Amino acid sequence: MAKIKIITDSTAEITQAEAEQYNIDVLPLTVEIDGTTYVPGEDIESESFMEKMEHAEKLPKSSQPAIGKFVELYEKYVREGYQIISIHLTEKLSGTVATARQASEIVGGDITVIDSDYIARGLAFQVIEAAKLAKTETVSAIEQRLAEIRAKTSLYIVVVSLDNLIKGGRVGKMKGLLGNLLQIKLIAKLSNGELAEEAKVRSNKKIITYLVDKIKEEKEKIVALDIVHADGWQLAESFKTSAKEWINHLKLPISFADPVIATHAGKGAFAVMYYTE
């Protein structure tokens, strides 16, 4: 059977341990703050990034990996006889998928580029599953399985302020919502790769109730659920405590949002993402 290599980008928030365990290569997106460019996880950690963003003169800018980085990595594994599956964050929010496709055309070889339609651990669900299957399945079978996971994935994000989303042009179907939310918190859903308004609530308690109700409504068993936050730890913990009553078979890990994601979600945001059988 042909060797298959899985490649993704840093917004998937694949941990170093996961990358080593599943033999995944990760290409980093970068962030620029007031003229200085950082590679998350190398030059800057998520916690310190939030502080720099808060005091920055302008909204940080994120950039997808340069096409040369893709070409270099693809060429390496094509020379070594690998088939490549390159899985990335939704192209509705980033040009990373387009860059990956351009690089695959330059390199040639057996390279499959997949738009995950998701971000953060919603993307990681597909990446890790692909890596698990890479030892025994064909590229076609892996593609089919990832399509199934995409169809059964849900990602909800709680946005405390729309400022960053508006400034970054990432509001999607929420274009009619301008300015701050004042005392109202927005719950958005990533659907078809694009953020869309799901609900508006006035209290943290109602946020938790709304999201837990979504879990309770699921007819199929939840396979994995991750919680990601951008200085929204308290809400994330509150959700975990409530959700545990309904899905106590899972660990429900909480992680700090990748700086690229935190740039657009804004301070205080947190997200819940899961997929079902």
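Not measured: the values here are computed from a predicted model. Residues take their numbers from the sequence shown, with the count starting at 1.
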Trainee: Within a reach of under 6.0 Å around NZ of Lys216, are more than 12 heavy atoms found that belong to other residues, nucleotides or ligands?
Mentor: yes
Trainee: Using the rule that Ile, Leu, Val, Met, Phe, Trp and Tyr join whenever any side-chain heavy atoms are under 4.5 Å apart, tell me whether Val97 and Ile114 fall into a single cluster.
Mentor: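 No: no chain of side-chain contacts under 4.5 Å links Val97 to Ile114.
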Trainee: Do Glu218 and Lys152 meet the salt-bridge criterion of a basic N to acidic O distance under 4.0 Å?
Mentor: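 No salt bridge links Lys152 with Glu218.
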Trainee: Could you check if a side-chain atom of Glu237 sits within less than 4.5 angstrom of a side-chain atom of Ile254, using non-hydrogen atoms only?
Mentor: yes
Trainee: State yes or no: do Tyr82 and Tyr22 share one hydrophobic cluster built from I, L, V, M, F, W and Y residues joined by side-chain heavy-atom distances below 4.5 Å, directly or via other members?
Mentor: no
Trainee: If I compare all heavy atoms of Gln126 with all of Arg150, which pair ends up nearest, and what's the gap?
Mentor: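 For Gln126 versus Arg150, the nearest heavy atoms are NE2-CG, 2.8 Å.
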Trainee: Do Ile111 and Val107 have side chains that get closer than 4.5 Å, going by heavy atoms?
Mentor: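 Counting from C-beta outward, Ile111 and Val107 do come under 4.5 Å.
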Trainee: Hey, is Glu148 close enough to Arg145 for a salt bridge, meaning N to O under 4.0 Å?
Mentor: yes
Trainee: Please state whether the rings of Phe125 and Tyr275 are parallel, tilted or perpendicular, taking 30° and 60° as the class boundaries.
Mentor: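 Tilted.
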Trainee: Would you call Tyr38 and Pro60 a side-chain contact if the rule is heavy atoms closer than 4.5 Å?
Mentor: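 In short, these two side chains do not touch, never coming nearer than 4.5 Å.
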Trainee: Might you point out which heavy atoms bring His249 and Ile222 nearest each other, and give the distance in Å?
Mentor: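 Closest approach of His249 to Ile222, heavy atoms only: NE2-O, 3.0 Å.
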Trainee: Which atom pair, heavy atoms only, marks the closest approach of Ala56 to Asp34?
Mentor: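 Looks like CA-OD2, 3.4 Å.
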Trainee: Is Glu45 close to Phe256 at the side-chain level, that is, under 4.5 Å between some pair of heavy atoms?
Mentor: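 No. Closest side-chain heavy atoms not under 4.5 Å.
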Trainee: Mind checking the CG-CG spacing from Leu146 to Asp115? Nearest 0.5 Å is all I need.
Mentor: 12.0 Å
Trainee: Quick one: pull up CD in Gln144 and CD1 in Ile142 and give me the separation to the nearest 0.5 Å.
Mentor: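 Here the rounded value is 11.5 Å.
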Trainee: Would a distance-only check, ignoring hydrogens and angles, find a side-chain to backbone donor-acceptor pair under 3.5 Å from Glu72 to Lys69?
Mentor: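 A pair under 3.5 Å: no.
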Trainee: Is a donor on one side and an acceptor on the other found under 3.5 Å between the side chain of Lys244 and the backbone of Leu250?
Mentor: yes
Trainee: Look at the side chain of Ser10 and the backbone N and O of Leu29, then say whether any donor-acceptor pair between them is shorter than 3.5 Å.
Mentor: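 Yes.
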Trainee: Distance check, rounded to the nearest 0.5 Å: Leu252 atom CG versus Ile247 atom CD1?
Mentor: 4.5 Å
Trainee: With the threshold set at 4.0 Å, does a side-chain nitrogen-carboxylate oxygen contact exist between Lys185 and Glu198?
Mentor: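 No salt bridge links Lys185 with Glu198.
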Trainee: Centre-to-centre under 6.0 Å for Tyr118 and His88, is that the case here?
Mentor: no
Trainee: Can you check side chain to side chain donor-acceptor pair (under 3.5 Å) on Ser140 and Thr138, steps first, answer last?
Mentor: CA-CA 5 Å; Ser140 177; Thr138 64; 4.9 Å; no
Trainee: Can you name the nearest heavy-atom pair linking Ile87 to Thr8, along with the distance?
Mentor: O-OG1, 2.7 Å
Trainee: Check this for me: does any side-chain nitrogen of one of Glu194 and Lys189 sit under 4.0 Å from a carboxylate oxygen of the other?
Mentor: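 Not counted as a salt bridge, because no side-chain N and carboxylate O are separated by less than 4.0 Å.
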Trainee: Counting heavy atoms not belonging to Glu57, are there more than 12 under 6.0 Å from its CD?
Mentor: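 Incorrect, the count does not exceed 12.
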Trainee: Decide, yes or no, whether a salt bridge links Asp25 with Lys5 under the criterion of side-chain N to carboxylate O below 4.0 Å.
Mentor: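 Lys5 and Asp25: salt-bridged.
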Trainee: For the pair Ser48 (side chain) and Ile44 (backbone), establish whether a donor and an acceptor sit closer than 3.5 Å, ignoring hydrogens and angles.
Mentor: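 Not confirmed, Ser48 side chain does not pair with Ile44 backbone.
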Trainee: Tell me whether the count of non-hydrogen atoms from other residues, nucleotides or ligands lying under 6.0 Å of NZ in Lys3 goes above 12.
Mentor: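 Yes, NZ of Lys3 has more than 12 neighbouring heavy atoms, counting only those of other groups under 6.0 Å.
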Trainee: Can you check side chain to side chain contact (heavy atoms under 4.5 Å, CB included) on Ile187 and Lys200, steps first, answer last?
Mentor: CA-CA 6 Å; Ile187 300 175; Lys200 292 193 291 288; over 6 Å; no
Trainee: Just how far is it from atom OG1 of Thr11 to atom NE2 of His264, taken to the nearest 0.5 Å?
Mentor: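 Spacing of OG1 (Thr11) from NE2 (His264) equals 10.0 Å.
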Trainee: Mind telling me whether Trp233 and His229 have parallel, tilted or perpendicular rings, with 30° and 60° as the class edges?
Mentor: perpendicular
Trainee: Could you walk me through whether Leu235 and Ile208 satisfy the side chain to side chain contact (heavy atoms under 4.5 Å, CB included) test, starting with their C-alpha distance in whole Å, then the side-chain angles of each, then the deciding distance to 0.1 Å, before giving a yes or no?
Mentor: CA-CA 8 Å; Leu235 270 176; Ile208 303 306; 4.2 Å; yes
Trainee: Walk me through it: do Ile24 and Val127 pass the test side chain to side chain contact (heavy atoms under 4.5 Å, CB included)?
Mentor: CA-CA 8 Å; Ile24 299 166; Val127 174; 3.8 Å; yes
Trainee: Tell me if a side-chain donor or acceptor on Asp258 pairs with a main-chain N or O of Ser46 at a distance below 3.5 Å.
Mentor: no
Trainee: Testing Ile227, Asp226, Val228 for side-chain contact (heavy atoms from CB on, under 4.5 Å) with Pro253, which one passes?
Mentor: Asp226
Trainee: Evaluate the ring planes of Phe239 and Phe270, with Trp represented by its six-membered ring, and classify them as parallel (under 30°), tilted (30 to 60°) or perpendicular (over 60°).
Mentor: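 Tilted: the ring planes of Phe239 and Phe270 meet at 30° to 60°.
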Trainee: Look at the side chain of Arg121 and the backbone N and O of Glu13, then say whether any donor-acceptor pair between them is shorter than 3.5 Å.
Mentor: yes
Trainee: When clusters are formed by joining ILVMFWY residues with side-chain heavy atoms under 4.5 Å apart, either directly or through shared neighbours, do Val39 and Phe70 land in the same one?
Mentor: no
Trainee: Heavy-atom count check: over 12 atoms from other residues, nucleotides or ligands less than 6.0 Å from Lys52 NZ?
Mentor: no
Trainee: Pro65 versus Thr96: any side-chain heavy-atom pair under 4.5 Å?
Mentor: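 Yes. Closest side-chain heavy atoms under 4.5 Å.
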Trainee: Between OG1 of Thr276 and CD1 of Ile215, what distance do you get to the nearest 0.5 Å?
Mentor: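 If we round to the nearest 0.5 Å, Thr276:OG1 and Ile215:CD1 are 12.0 Å apart.
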Trainee: Quick check: closest heavy atoms across Thr90 and Ser116, and the distance to 0.1 Å?
Mentor: N-OG, 4.1 Å
Trainee: If I take atom OG1 from residue Thr153 and atom CG from residue Asp117, how far apart are they, to the nearest 0.5 angstrom?
Mentor: 9.5 Å
Trainee: So, Ser104 side chain and Arg101 main chain: donor-acceptor pair closer than 3.5 Å or not?
Mentor: yes
Trainee: State whether the number of non-hydrogen atoms from other residues, nucleotides or ligands found under 6.0 Å of Gln234 atom CD is greater than 12.
Mentor: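 No.
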Trainee: Would a single hydrophobic cluster contain both Ile85 and Leu73, if residues Ile, Leu, Val, Met, Phe, Trp and Tyr are joined by side-chain heavy-atom contacts under 4.5 Å?
Mentor: no
Trainee: Other residues, nucleotides and ligands only: do more than 12 of their heavy atoms fall within 6.0 Å of CD on Glu51?
Mentor: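 Open: at most 12 neighbouring heavy atoms sit under 6.0 Å from CD of Glu51.
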Trainee: For Ile119 and Leu155, work out which heavy atoms get closest and say how close.
Mentor: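 Residues Ile119 and Leu155, closest heavy atoms: O-CD1, 3.7 Å.
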Trainee: Are Tyr77 and Leu27 co-members of a hydrophobic cluster defined by side-chain heavy atoms under 4.5 Å apart?
Mentor: yes
